[in-house]
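Lettering follows sequence order; numbering is per chain, from 1. FYI, side chains are in, hydrogens and waters are out, and symmetry mates aren't considered; it's all heavy atoms of this structure.
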2 protein chains.
Amino acid sequence: MRSAAEVAGLLRDGIVSGKYAPNERLIELDLARDLQTNRAVVRGALTQLEAQRLVIREPNRGVRVRSYTAEEAAEILETRALLEGLAARRAAERIDAAGEHALRAVVAAMRERQAAGDLLGYSEHNARFHRTIIEIAAHRTASSLLAALASQAVRYQFRTVLEPGRPARSLAEHEAILDALCAHDGAAAERAMRSHIGNVVATVRAIGERPHLTPDMA
Amino acid sequence: MRSAAEVAGLLRDGIVSGKYAPNERLIELDLARDLQTNRAVVRGALTQLEAQRLVIREPNRGVRVRSYTAEEAAEILETRALLEGLAARRAAERIDAAGEHALRAVVAAMRERQAAGDLLGYSEHNARFHRTIIEIAAHRTASSLLAALASQAVRYQFRTVLEPGRPARSLAEHEAILDALCAHDGAAAERAMRSHIGNVVATVRAIGERPHLTPDMA
DNA sequence: GTCGCCAAGATTGTTGCCAATTATGGCGCC
DNA sequence: GGCGCCATAATTGGCAACAATCTTGGCGAC
């Protein structure tokens with residue numbers, strides 16, 4: 001039987017990937033059936049996601065997938081910038097040939113997707129780039145906080161990559177991070193990562209300020 | 001009936017305050033009795049604490065309170081420095097007369113306890129100082145991450161305040177943070193907070209490097 | 001005396017059930 | 001035709017019992 005922690009992970013993936021839409025109700029019995037587990041485990045997983053603010057629970061009314069205002073999204077990304085900046089610094093200090101190879105491959109894939117105009121594919125590789133850096137950093141505390149952070153859900157809700165001109169700039173920012181990492185320059189890597197996520201924050205704020213589009217139409 | 005979230009809070013307090021010692025086994029039935037709830041919500045609370053890495057769960061063997069190596073403690077504090085630095089910056093931008101008054105009172109109490117040689121009392125007010133700043137910052141994301149962080153457990157396990165000379169320096173560092181906050185200087189507040197927690201990290205590392213004392217004797 | 005096996009007790013993991021609460025849909029009333 | 005009330009269904013919240021697993025302590029063999 002799946003543990004509550006595993007089920008929480010599956011649910012998180014489902015929320016992040018859009019399988020469960022913002023504001024969608026999550027019915028314990030249905031989830032238990034879908035994930036082949038029992039209600040008790042689902043309940044435990046849901047309280048975990050509640051603590052991580054990925055879902056909202058209302059007494060006797062169950063949980064719904066949370067949706068974020070632009071201001072909240074900016075807060076989340078602001079925090080993520082700090083934590084990933086730390087990860088980038090550590091990664092620059094620890095990266096080896098294998099890690100460098102892996103990262104270069106991801107960036108090459110990003111460049112290719114961007115050139116092909118496949119924005120969602122680009123977004124996928126983008127996420128993988130960040131995950132790889134966190135892995136290389138091997139900072140368990142930062143890693144577990146980042147995993148708990150709703151930043152992936154925000155990524156799904158605010159598709160910054162669809163903004164005109166954003167993919168090209170994003171690619172350049174990732175290349176700057178890669179360069180700093182390969183040069184083993186921790187301070188530069190941290191700066192590049194913060195600046196990159198800072199630009200994402202700015203884009204999210206810009207999306208949020210467009211008055212007539214509600215965020216979850218993205 | 002208490003919710004899982006509430007119970008998780010109570011258990012966290014118990015761990016942080018030393019009511020539950022590092023490596024102590026936490027028996028679901030006992031906790032349910034002590035906290036006047038049932039096993040199901042205790043289980044939910046424990047999975048939450050497991051995700052926050054405050055306890056370790058081994059299958060079919062229950063959960064134990066986690067204990068931290070100096071290296072892990074340093075990682076946790078390193079993360080806390082970033083998040084509280086962010087909170088300090090925001091607090092400097094938002095602080096009003098009431099907040100200033102509250103913070104000054106806390107620091108006065110710290111000064112008084114330190115002069116009286118009451119180190120544990122000092123440590124209490126110290127914790128309150130940090131909590132107050134986080135409150136003033138009103139940054140929900142950072143606040144919930146900090147709440148999840150095991151930094152309070154670390155504080156209990158590594159009693160840096162008992163190190164010779166540490167209380168006086170600590171007091172000076174807190175006064176520097178207070179000054180920056182009252183001057184509404186966000187950058188200075190962030191710098192002061194990071195530097196302060198950086199010194200705590202250094203102290204923890206020093207404690208960890210003393211070979212013959214295991215950390216949990218503190 | 002020590003080692004290993006076995007039984008009993010303790011604890012966790014799972015399941016099902018019932019009560020309380022909320023959502024849904026039909027029905028009559030205006 | 002629309003609105004509100006009521007019965008019913010769906011869902012959550014809480015509980016207890018059962019099964020599986022681990023731990024403990026005793027007993028006998030060597």
> Nearest-Å distance, CZ (Arg64(B)) to C1' (dT11(C))?
Replying inline: 15 Å
> Between Arg39(A) (CZ) and dT11(D) (C1'), how many Å, whole number?
Replying inline: 8 Å
> If only side-chain N and O atoms of Asn60(B) are considered, is one of them under 4.0 Å from the OP1 or OP2 phosphate oxygen of dT12(C)?
Replying inline: no
>> Between Thr132(A) and Arg128(A), does the side chain to side chain contact (heavy atoms under 4.5 Å, CB included) criterion hold? Intermediate values first, please.
In response: CA-CA 6 Å; Thr132(A) 306; Arg128(A) 198 150 63 84; 4.3 Å; yes
> List DNA chain D stems (3 or more consecutive Watson-Crick/G-U pairs, under 3.5 Å)?
Replying inline: C:1-30 with D:1-30
> Relative to each other, are the rings of His130(B) and His196(B) parallel, tilted or perpendicular (30° and 60° limits)?
Replying inline: parallel
> Hey, does the side chain of Asp13(B) reach the backbone of Val16(B) with a donor-acceptor pair shorter than 3.5 angstrom?
Replying inline: no
>> Under 4.0 Å, counting only non-hydrogen atoms across every strand here, what does Ala40(A) touch: a base, just sugar-phosphate, or nothing?
In response: base
> Any idea which of dT11(C), dG13(C), dG13(D) is nearest the Arg25(B) side chain?
Replying inline: dT11(C)
>> Short of 4.0 Å, heavy atom to strand atom, which residues of residues 27-34 of chain B count as contacting DNA chain C?
In response: Ile27(B), Glu28(B)
>> Which residues pass the salt bridge (charged side-chain N to carboxylate O under 4.0 Å, His left out) test with Arg90(B), not counting sequence neighbours?
In response: Glu75(A)
> Has the side chain of Glu163(A) got a donor or acceptor atom that lies under 3.5 Å from a matching backbone atom of Thr203(A)?
Replying inline: no
> Rounded to the nearest 0.5 Å, what separation is found between the OG atom of Ser195(A) and the CD1 atom of Ile177(A)?
Replying inline: 8.0 Å
>> Nearest whole Å is fine: how far is dC15(D) P from Arg43(B) CZ?
In response: 16 Å
> Any donor and acceptor pair, going by atom type alone, linking the side chain of Arg12(B) with main-chain N or O of Leu49(B) inside 3.5 Å?
Replying inline: no
> Taking NZ, NE, NH1 and NH2 as the nitrogens, is one of them in Arg66(B) or Glu72(B) under 4.0 Å from a carboxylate oxygen of the other?
Replying inline: yes
>> Taking the nucleotide of DNA chain C with the nearest heavy atom to each, does Thr37(A) or Leu26(B) sit closer to the 5' end?
In response: Leu26(B)
> How long is the gap from CZ on Arg94(B) to NE2 on His139(B), to the nearest 0.5 Å?
Replying inline: 10.5 Å
> Side-chain N or O of Asn38(A) less than 4.0 angstrom from OP1 or OP2 on dT15(C)?
Replying inline: yes
> Closest to the Arg61(A) side chain: dT15(C), dT22(C), dT12(D)?
Replying inline: dT22(C)
>> Over all strands shown, is Leu46(B) touching base, sugar-phosphate only, or nothing at heavy-atom distances under 4.0 angstrom?
In response: nothing
